[in-house]
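What follows is a single structure, written as C-alpha coordinates, with notes after it.
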Amino acid sequence: MKVICSSEESLYRPEAVRWRQRMGMMKPLGDTVVLLPCSMKKPYSNSKSHQKFRKLTRSFQELIVTSPFGICPRELENTFPIQSYDVSTTGSWSSDEVEQTGKLIAEYCEGKNVVANLSGGYLESCEAYMDDFINVCVDDRPTSPDSLYNLRMELKNHQRLNRRDKIVHELKSIAKYQFGENGDEFIPDDVKTKGMYHKRILSNGVQLALLNKDYGLFRLNLAGGEVLKDLGIHVVNIDFDLETNTVFAPGIVKADPDIIPNDEVVVVRDDCVVGVGRAVMTGCEMVECGNGIGVRIKHRVKK
(Lines give C-alpha, C1' and ligand atoms only; values in the text may rest on other atoms or scores of the structure.)
Protein backbone atom coordinates (compact mmCIF):
# COMPACT_ATOMS: atom_id res chain seq x y z
CA MET A 1 0.00 0.00 0.00
CA LYS A 2 1.40 3.37 -1.07
CA VAL A 3 1.59 6.17 1.50
CA ILE A 4 1.17 9.37 -0.52
CA CYS A 5 3.08 12.37 0.90
CA SER A 6 2.39 15.23 -1.51
CA SER A 7 2.56 18.33 0.70
CA GLU A 8 4.09 19.75 3.87
CA GLU A 9 0.97 18.61 5.79
CA SER A 10 2.21 15.04 5.25
CA LEU A 11 4.53 15.71 8.21
CA TYR A 12 1.48 15.20 10.40
CA ARG A 13 0.09 12.04 8.85
CA PRO A 14 -0.34 9.41 11.60
CA GLU A 15 2.12 7.09 9.84
CA ALA A 16 4.80 9.79 9.70
CA VAL A 17 4.27 10.94 13.29
CA ARG A 18 4.41 7.39 14.65
CA TRP A 19 7.52 6.64 12.59
CA ARG A 20 9.34 9.68 13.96
CA GLN A 21 8.34 8.73 17.50
CA ARG A 22 9.77 5.24 17.01
CA MET A 23 12.96 6.67 15.48
CA GLY A 24 13.58 8.38 18.79
CA MET A 25 14.13 4.91 20.27
CA MET A 26 16.74 3.85 17.74
CA LYS A 27 20.48 3.72 18.44
CA PRO A 28 23.29 3.41 15.87
CA LEU A 29 25.81 0.59 15.76
CA GLY A 30 29.50 1.44 15.98
CA ASP A 31 31.29 4.77 16.27
CA THR A 32 30.49 6.25 12.84
CA VAL A 33 27.22 7.22 11.16
CA VAL A 34 27.05 7.93 7.42
CA LEU A 35 24.24 10.30 6.37
CA LEU A 36 22.77 9.79 2.91
CA PRO A 37 19.87 11.41 0.99
CA CYS A 38 16.73 9.42 0.27
CA SER A 39 15.66 8.31 -3.20
CA MET A 40 12.40 8.11 -5.14
CA LYS A 41 12.71 4.35 -5.49
CA LYS A 42 11.87 2.18 -2.48
CA PRO A 43 13.40 0.41 -0.73
CA TYR A 44 16.32 2.78 -1.09
CA SER A 45 18.86 0.02 -1.79
CA ASN A 46 17.12 -0.66 -5.10
CA SER A 47 17.82 2.85 -6.42
CA LYS A 48 20.79 3.61 -8.64
CA SER A 49 22.08 6.28 -6.25
CA HIS A 50 22.08 3.98 -3.23
CA GLN A 51 23.69 1.17 -5.16
CA LYS A 52 26.58 3.57 -5.69
CA PHE A 53 26.58 4.61 -2.03
CA ARG A 54 26.41 1.05 -0.71
CA LYS A 55 29.61 0.01 -2.45
CA LEU A 56 31.35 2.38 -0.04
CA THR A 57 29.08 2.49 3.02
CA ARG A 58 27.67 -1.01 3.56
CA SER A 59 30.20 -1.77 6.32
CA PHE A 60 29.14 1.27 8.36
CA GLN A 61 26.00 2.48 10.08
CA GLU A 62 24.00 4.18 7.34
CA LEU A 63 21.26 6.73 8.07
CA ILE A 64 19.00 7.91 5.27
CA VAL A 65 17.67 11.46 5.63
CA THR A 66 14.15 12.00 4.30
CA SER A 67 10.96 13.99 4.71
CA PRO A 68 8.27 13.68 6.08
CA PHE A 69 9.60 10.67 8.00
CA GLY A 70 12.81 12.36 9.14
CA ILE A 71 15.35 9.57 9.23
CA CYS A 72 15.61 5.90 8.35
CA PRO A 73 18.45 3.67 9.54
CA ARG A 74 19.42 1.38 6.67
CA GLU A 75 18.32 -1.72 8.63
CA LEU A 76 14.72 -0.43 8.65
CA GLU A 77 14.40 0.48 4.97
CA ASN A 78 12.15 -2.53 4.23
CA THR A 79 9.76 -1.68 7.06
CA PHE A 80 6.27 -0.27 6.47
CA PRO A 81 5.59 2.60 5.85
CA ILE A 82 9.12 3.74 4.90
CA GLN A 83 9.34 1.10 2.16
CA SER A 84 6.28 2.38 0.31
CA TYR A 85 5.85 6.12 0.72
CA ASP A 86 5.71 8.35 -2.35
CA VAL A 87 7.09 11.88 -2.10
CA SER A 88 8.68 14.44 -4.39
CA THR A 89 12.45 14.71 -3.84
CA THR A 90 12.93 18.33 -4.91
CA GLY A 91 15.54 18.98 -2.21
CA SER A 92 13.73 22.16 -1.14
CA TRP A 93 12.48 21.86 2.45
CA SER A 94 10.26 24.00 4.67
CA SER A 95 11.40 25.18 8.10
CA ASP A 96 9.19 22.55 9.76
CA GLU A 97 10.75 19.77 7.69
CA VAL A 98 14.25 21.01 8.56
CA GLU A 99 13.34 21.15 12.26
CA GLN A 100 11.66 17.75 12.51
CA THR A 101 14.44 16.01 10.60
CA GLY A 102 17.35 17.90 12.15
CA LYS A 103 16.29 17.07 15.71
CA LEU A 104 16.08 13.37 14.87
CA ILE A 105 19.51 13.40 13.22
CA ALA A 106 21.10 15.13 16.23
CA GLU A 107 19.50 12.72 18.71
CA TYR A 108 20.41 9.62 16.71
CA CYS A 109 24.01 10.69 16.04
CA GLU A 110 24.81 12.02 19.53
CA GLY A 111 28.36 11.09 20.51
CA LYS A 112 29.17 9.54 17.12
CA ASN A 113 31.48 10.47 14.26
CA VAL A 114 29.26 11.77 11.47
CA VAL A 115 30.12 11.63 7.76
CA ALA A 116 27.52 13.25 5.51
CA ASN A 117 27.01 13.10 1.76
CA LEU A 118 24.17 15.61 1.58
CA SER A 119 22.93 18.71 -0.23
CA GLY A 120 19.86 20.96 -0.25
CA GLY A 121 17.28 20.52 2.50
CA TYR A 122 19.03 17.34 3.66
CA LEU A 123 22.16 19.34 4.43
CA GLU A 124 20.19 22.22 5.95
CA SER A 125 18.67 19.85 8.51
CA CYS A 126 22.09 18.57 9.44
CA GLU A 127 23.68 22.01 9.66
CA ALA A 128 20.85 23.42 11.79
CA TYR A 129 21.19 20.85 14.58
CA MET A 130 24.65 19.26 14.24
CA ASP A 131 27.75 21.07 15.52
CA ASP A 132 30.39 18.63 14.29
CA PHE A 133 30.21 16.60 11.07
CA ILE A 134 32.09 16.17 7.80
CA ASN A 135 30.21 16.73 4.53
CA VAL A 136 31.92 15.15 1.52
CA CYS A 137 29.40 16.29 -1.11
CA VAL A 138 30.77 18.41 -3.95
CA ASP A 139 28.68 20.86 -6.04
CA ASP A 140 25.41 19.64 -4.43
CA ARG A 141 25.73 16.30 -6.24
CA PRO A 142 26.01 13.35 -3.80
CA THR A 143 26.39 10.82 -6.62
CA SER A 144 29.10 12.70 -8.54
CA PRO A 145 32.50 11.01 -8.92
CA ASP A 146 34.11 13.69 -6.75
CA SER A 147 31.58 13.25 -3.94
CA LEU A 148 31.91 9.46 -4.02
CA TYR A 149 35.71 9.73 -4.05
CA ASN A 150 35.63 12.02 -1.02
CA LEU A 151 33.28 9.61 0.74
CA ARG A 152 35.54 6.64 0.05
CA MET A 153 38.66 8.43 1.26
CA GLU A 154 36.99 9.75 4.42
CA LEU A 155 35.63 6.34 5.40
CA LYS A 156 39.15 4.90 5.30
CA ASN A 157 39.67 6.77 8.57
CA HIS A 158 36.76 5.01 10.31
CA GLN A 159 36.33 1.52 11.74
CA ARG A 160 34.16 -0.92 9.81
CA LEU A 161 31.43 -2.99 11.44
CA ASN A 162 31.36 -6.75 11.93
CA ARG A 163 28.83 -8.47 9.64
CA ARG A 164 27.36 -10.64 12.42
CA ASP A 165 26.92 -7.59 14.64
CA LYS A 166 25.09 -5.81 11.82
CA ILE A 167 22.67 -8.73 11.36
CA VAL A 168 21.80 -8.90 15.06
CA HIS A 169 21.50 -5.11 15.24
CA GLU A 170 19.11 -5.12 12.27
CA LEU A 171 16.84 -7.72 13.88
CA LYS A 172 16.85 -5.93 17.23
CA SER A 173 16.09 -2.59 15.57
CA ILE A 174 13.12 -4.05 13.69
CA ALA A 175 11.83 -5.62 16.92
CA LYS A 176 12.17 -2.30 18.77
CA TYR A 177 10.30 -0.49 16.01
CA GLN A 178 7.55 -3.12 15.95
CA PHE A 179 7.15 -3.85 19.67
CA GLY A 180 8.28 -0.64 21.36
CA GLU A 181 10.96 0.47 23.81
CA ASN A 182 12.02 -2.97 25.12
CA GLY A 183 11.17 -4.79 21.91
CA ASP A 184 14.83 -5.43 21.08
CA GLU A 185 14.87 -7.99 23.91
CA PHE A 186 12.65 -10.15 21.69
CA ILE A 187 15.79 -11.03 19.72
CA PRO A 188 18.30 -13.21 21.66
CA ASP A 189 22.04 -12.77 21.12
CA ASP A 190 22.27 -16.34 19.76
CA VAL A 191 19.69 -15.65 17.05
CA LYS A 192 20.03 -17.35 13.67
CA THR A 193 18.20 -16.67 10.43
CA LYS A 194 17.26 -18.98 7.59
CA GLY A 195 15.67 -18.20 4.25
CA MET A 196 16.57 -16.49 0.97
CA TYR A 197 13.88 -13.79 1.15
CA HIS A 198 11.52 -14.07 4.12
CA LYS A 199 13.71 -14.91 7.11
CA ARG A 200 12.93 -17.54 9.75
CA ILE A 201 14.10 -16.22 13.14
CA LEU A 202 15.52 -19.08 15.21
CA SER A 203 16.84 -19.52 18.75
CA ASN A 204 18.15 -22.91 19.89
CA GLY A 205 16.59 -24.46 16.81
CA VAL A 206 13.11 -23.11 17.62
CA GLN A 207 11.39 -20.61 15.31
CA LEU A 208 10.31 -17.46 17.14
CA ALA A 209 8.96 -15.59 14.14
CA LEU A 210 9.12 -15.02 10.41
CA LEU A 211 10.55 -11.74 9.15
CA ASN A 212 8.26 -10.84 6.27
CA LYS A 213 10.44 -8.85 3.88
CA ASP A 214 7.41 -7.45 2.02
CA TYR A 215 6.51 -5.41 5.12
CA GLY A 216 9.77 -5.60 7.07
CA LEU A 217 8.00 -6.83 10.21
CA PHE A 218 7.95 -10.02 12.29
CA ARG A 219 5.07 -12.49 12.18
CA LEU A 220 4.95 -14.40 15.45
CA ASN A 221 5.14 -18.11 16.09
CA LEU A 222 3.98 -19.58 19.40
CA ALA A 223 7.54 -19.66 20.75
CA GLY A 224 7.87 -15.97 19.95
CA GLY A 225 4.60 -15.39 21.75
CA GLU A 226 6.14 -16.90 24.88
CA VAL A 227 8.99 -14.39 24.65
CA LEU A 228 6.58 -11.45 24.26
CA LYS A 229 4.48 -12.67 27.19
CA ASP A 230 7.55 -12.78 29.41
CA LEU A 231 8.40 -9.23 28.30
CA GLY A 232 4.82 -8.06 28.91
CA ILE A 233 4.53 -6.67 25.38
CA HIS A 234 1.39 -6.81 23.17
CA VAL A 235 -0.35 -9.24 25.53
CA VAL A 236 -4.10 -9.88 25.22
CA ASN A 237 -5.66 -11.75 28.18
CA ILE A 238 -8.85 -13.79 27.64
CA ASP A 239 -11.18 -15.71 29.98
CA PHE A 240 -12.33 -18.56 27.70
CA ASP A 241 -10.96 -21.63 25.94
CA LEU A 242 -9.56 -20.62 22.55
CA GLU A 243 -11.03 -23.15 20.12
CA THR A 244 -11.28 -21.03 16.95
CA ASN A 245 -9.06 -18.59 15.09
CA THR A 246 -11.08 -15.57 16.17
CA VAL A 247 -10.98 -13.71 19.49
CA PHE A 248 -14.05 -11.54 20.05
CA ALA A 249 -13.89 -8.44 22.23
CA PRO A 250 -16.38 -9.66 24.88
CA GLY A 251 -13.97 -12.44 25.88
CA ILE A 252 -11.00 -10.09 26.37
CA VAL A 253 -10.42 -9.04 29.99
CA LYS A 254 -7.17 -7.11 29.55
CA ALA A 255 -5.01 -5.87 26.66
CA ASP A 256 -1.81 -3.88 26.24
CA PRO A 257 -2.98 -0.28 25.65
CA ASP A 258 -0.11 0.24 23.18
CA ILE A 259 -1.64 -2.23 20.71
CA ILE A 260 -2.93 -0.73 17.46
CA PRO A 261 -4.71 -2.50 14.57
CA ASN A 262 -2.48 -4.92 12.59
CA ASP A 263 0.00 -5.30 15.47
CA GLU A 264 1.25 -8.81 16.18
CA VAL A 265 -0.10 -9.88 19.59
CA VAL A 266 0.09 -12.83 21.97
CA VAL A 267 -3.14 -14.22 23.45
CA VAL A 268 -2.88 -15.49 27.03
CA ARG A 269 -5.23 -17.37 29.35
CA ASP A 270 -4.34 -18.16 32.98
CA ASP A 271 -0.74 -17.04 32.30
CA CYS A 272 -0.37 -19.55 29.44
CA VAL A 273 0.09 -18.63 25.78
CA VAL A 274 -2.83 -20.02 23.81
CA GLY A 275 -2.30 -18.24 20.50
CA VAL A 276 -0.64 -15.50 18.48
CA GLY A 277 -2.20 -13.36 15.81
CA ARG A 278 -2.95 -9.91 14.49
CA ALA A 279 -4.93 -7.21 16.27
CA VAL A 280 -8.08 -5.90 14.62
CA MET A 281 -8.77 -3.26 17.30
CA THR A 282 -6.62 -1.12 19.54
CA GLY A 283 -5.85 -2.51 22.98
CA CYS A 284 -8.26 -0.05 24.61
CA GLU A 285 -11.06 -0.94 22.19
CA MET A 286 -10.60 -4.66 22.91
CA VAL A 287 -11.38 -4.06 26.58
CA GLU A 288 -14.12 -1.45 26.15
CA CYS A 289 -16.10 -2.84 23.20
CA GLY A 290 -19.04 -5.17 23.78
CA ASN A 291 -18.86 -6.72 20.32
CA GLY A 292 -16.58 -7.13 17.32
CA ILE A 293 -13.39 -9.04 16.53
CA GLY A 294 -10.38 -8.19 18.69
CA VAL A 295 -7.74 -10.57 17.30
CA ARG A 296 -7.45 -12.85 14.30
CA ILE A 297 -5.36 -15.87 15.29
CA LYS A 298 -2.52 -17.16 13.11
CA HIS A 299 -1.22 -19.94 15.38
CA ARG A 300 -2.92 -21.44 18.44
CA VAL A 301 -2.30 -24.22 20.91
CA LYS A 302 -4.51 -27.14 19.92
CA LYS A 303 -5.68 -29.66 22.50
(message) side chain to side chain contact (heavy atoms under 4.5 Å, CB included) for Met26 and Ser173? Distances and angles first, verdict last.
(response) CA-CA 7 Å; Met26 299 300 155; Ser173 296; 4.3 Å; yes
(request) Begin with the C-alpha distance, continue with both residues' side-chain angles, and end with the deciding distance and a verdict on side chain to side chain contact (heavy atoms under 4.5 Å, CB included) for Ser203 and Val191. (result) CA-CA 5 Å; Ser203 177; Val191 67; 5.8 Å; no
(request) Might you work through the side chain to side chain contact (heavy atoms under 4.5 Å, CB included) test for Tyr129 and Leu104, ending with a clear yes or no? (result) CA-CA 9 Å; Tyr129 291 89; Leu104 283 174; over 6 Å; no
(request) Might you work through the side chain to side chain contact (heavy atoms under 4.5 Å, CB included) test for Leu242 and Val247, ending with a clear yes or no? (result) CA-CA 8 Å; Leu242 184 62; Val247 177; 3.7 Å; yes
(request) Check the pair Glu97 / Ser125 against side chain to side chain donor-acceptor pair (under 3.5 Å), numbers first and verdict last. (result) CA-CA 8 Å; Glu97 289 177 297; Ser125 296; over 6 Å; no
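The nearest pair of heavy atoms linking Met130 to Cys109 is CE-CB, 4.0 Å. For the pair Asp256 and His234, the tightest heavy-atom approach, listed with the atom from each and the gap, is OD2-N, 2.9 Å. Residue Ile71 comes nearest to Thr101 through the heavy atom pair CG2-O, 4.5 Å, listed as atom of the first residue, atom of the second, then distance. Between Leu220 and Gly225, the shortest heavy-atom distance links the atoms CD2-N, 4.5 Å. Between Pro142 and Asp140, the shortest heavy-atom contact is CD-O, 3.6 Å. Val235 and Ile259 make their closest contact through O-CD1, 4.2 Å (heavy atoms, listed as atom of the first residue, atom of the second, distance).
A salt bridge between Glu107 and Lys103 is absent, with no side-chain N of the basic residue lying under 4.0 Å from a carboxylate O of the acidic one. Under the 4.0 Å criterion applied to side-chain N and carboxylate O atoms, Arg164 and Glu170 are not assigned as salt-bridge partners. The pair Glu264-Arg219 does not meet the salt-bridge criterion, since no charged nitrogen lies less than 4.0 angstrom from a carboxylate oxygen.
A donor-acceptor pair is defined here as one N or O able to donate and one able to accept, closer than 3.5 Å; such a pair exists between the side chain of Asn135 and the backbone of Leu118. Side-chain atoms of Asn212 come within 3.5 Å of backbone atoms of Asp214 as a donor-acceptor pair (strictly under, hydrogens ignored). A distance-only check finds no donor-acceptor pair linking the side chain of Arg20 to the backbone of Glu15 [under 3.5 Å]. Although no hydrogens or angles enter the test, the distance criterion places a donor-acceptor pair under 3.5 Å between the side chain of Ser144 and the main chain of Ser147. With Lys42 contributing its side chain and Ser39 its backbone, the two residues share a donor-acceptor pair below 3.5 Å. In this structure, His50 contributes its side chain and Pro37 its backbone to a donor-acceptor pair below 3.5 Å. Judged by distance alone, the side chain of Ser119 and the main-chain N or O of Arg141 form no donor-acceptor pair under 3.5 Å. Remark: side-chain polar atoms of Lys112 are paired, donor with acceptor, to backbone N or O of Gly30 under 3.5 angstrom. The main-chain N or O of Gly224 is never found under 3.5 Å from a side-chain atom of Asn221 such that the two would form a donor-acceptor pair. Side-chain atoms of Asp184 do not come within 3.5 Å of backbone N or O of Lys172 as any donor-acceptor pair.
Between Val273 and Val267 there is no side-chain heavy-atom pair separated by less than 4.5 Å. At least one side-chain heavy atom of Thr143 sits less than 4.5 Å from a side-chain heavy atom of Phe53. A 4.5 Å side-chain heavy-atom check between Leu76 and Ile174 finds at least one atom pair inside the cut-off. Looking at Pro81 and Phe69, their side chains come closer than 4.5 Å, going by heavy atoms from C-beta outward. No side-chain heavy atom of Val114 sits under 4.5 Å from any side-chain heavy atom of Ile134. In this structure the side chain of Ile167 never reaches within 4.5 angstrom of the side chain of Asp165, judged on heavy atoms. With contacts defined as side-chain heavy-atom distances shorter than 4.5 Å, the pair Leu208/Leu202 does not qualify. The side-chain heavy atoms of Val136 and Val115, taken from C-beta on, include a pair separated by under 4.5 Å.
Around the CD atom of Glu181, the shell of radius 6.0 Å holds more than 12 heavy atoms that belong to other residues, nucleotides or ligands. By the neighbour-count criterion of 12 heavy atoms within 6.0 Å, atom CG of Asp131 is sparsely surrounded, having that number or fewer from other residues, nucleotides or ligands. Environment of CG in Asn291: sparse, with no more than 12 heavy atoms of neighbouring residues, nucleotides or ligands closer than 6.0 Å. Within 6.0 Å of atom CG in Asn157, more than 12 heavy atoms from other residues, nucleotides or ligands are found, so the atom counts as buried in its surroundings.
The other residues sharing a hydrophobic cluster with Val280 are Phe248, Ile293, where clustering joins ILVMFWY side chains under 4.5 Å apart. Leu161 forms part of a hydrophobic cluster together with Leu29, judged by ILVMFWY side-chain heavy-atom separations under 4.5 Å. In the hydrophobic clustering (ILVMFWY side chains linked at under 4.5 Å, chained through shared members), Tyr197 stands by itself.
One hydrophobic cluster, built from ILVMFWY side chains closer than 4.5 Å, holds both Leu63 and Leu123. Note on Ile233 and Val287: separate hydrophobic clusters, where clusters join Ile, Leu, Val, Met, Phe, Trp and Tyr whose side-chain heavy atoms are under 4.5 Å apart, directly or indirectly. The hydrophobic clustering, which links ILVMFWY residues whose side-chain heavy atoms are closer than 4.5 Å, places Met153 and Leu35 apart. Val206 and Ile187 are assigned to two separate hydrophobic clusters, defined by single-linkage of ILVMFWY side chains at heavy-atom distances under 4.5 Å. Val253 and Val268 are members of different hydrophobic clusters when ILVMFWY side chains are connected at heavy-atom separations under 4.5 Å.
For the 3.5 Å distance criterion, the side chains of Ser45 and Glu77 qualify, holding a donor opposite an acceptor. Side-chain atoms of Gln61 and Tyr108 include a donor-acceptor pair closer than 3.5 Å. Between the side chains of Arg300 and Asn245, at least one donor N or O sits under 3.5 Å from an acceptor N or O.
Distance NZ/Lys52 to OG/Ser47: 10.0 Å, rounded to 0.5 Å. Separating the OH atom in Tyr149 from the CG atom in Leu56 is a distance of 12.0 Å, to the nearest 0.5 Å. Rounded to the nearest 0.5 Å, atoms CD (Gln178) and CZ (Phe186) are 8.0 Å apart. Remark: Ile82 CD1 to Thr66 OG1 distance equals 5.5 Å, nearest 0.5 Å. Taking CD from Glu110 and CD1 from Ile105, the interatomic distance works out to 14.0 Å, rounded to the nearest 0.5 Å. Rounding to the nearest 0.5 angstrom, the gap separating the CZ atom in Arg22 from the OG1 atom in Thr79 is 11.5 Å.
Leu211 pairs in a side-chain contact (heavy atoms from CB on, under 4.5 Å) with only one of the listed residues (Asn78, Leu217, Leu171), which is Leu171.
Taking the six-membered ring for Trp and thresholds of 30 and 60 degrees, Trp19 and Tyr177 have ring planes inclined between 30 and 60 degrees apart.
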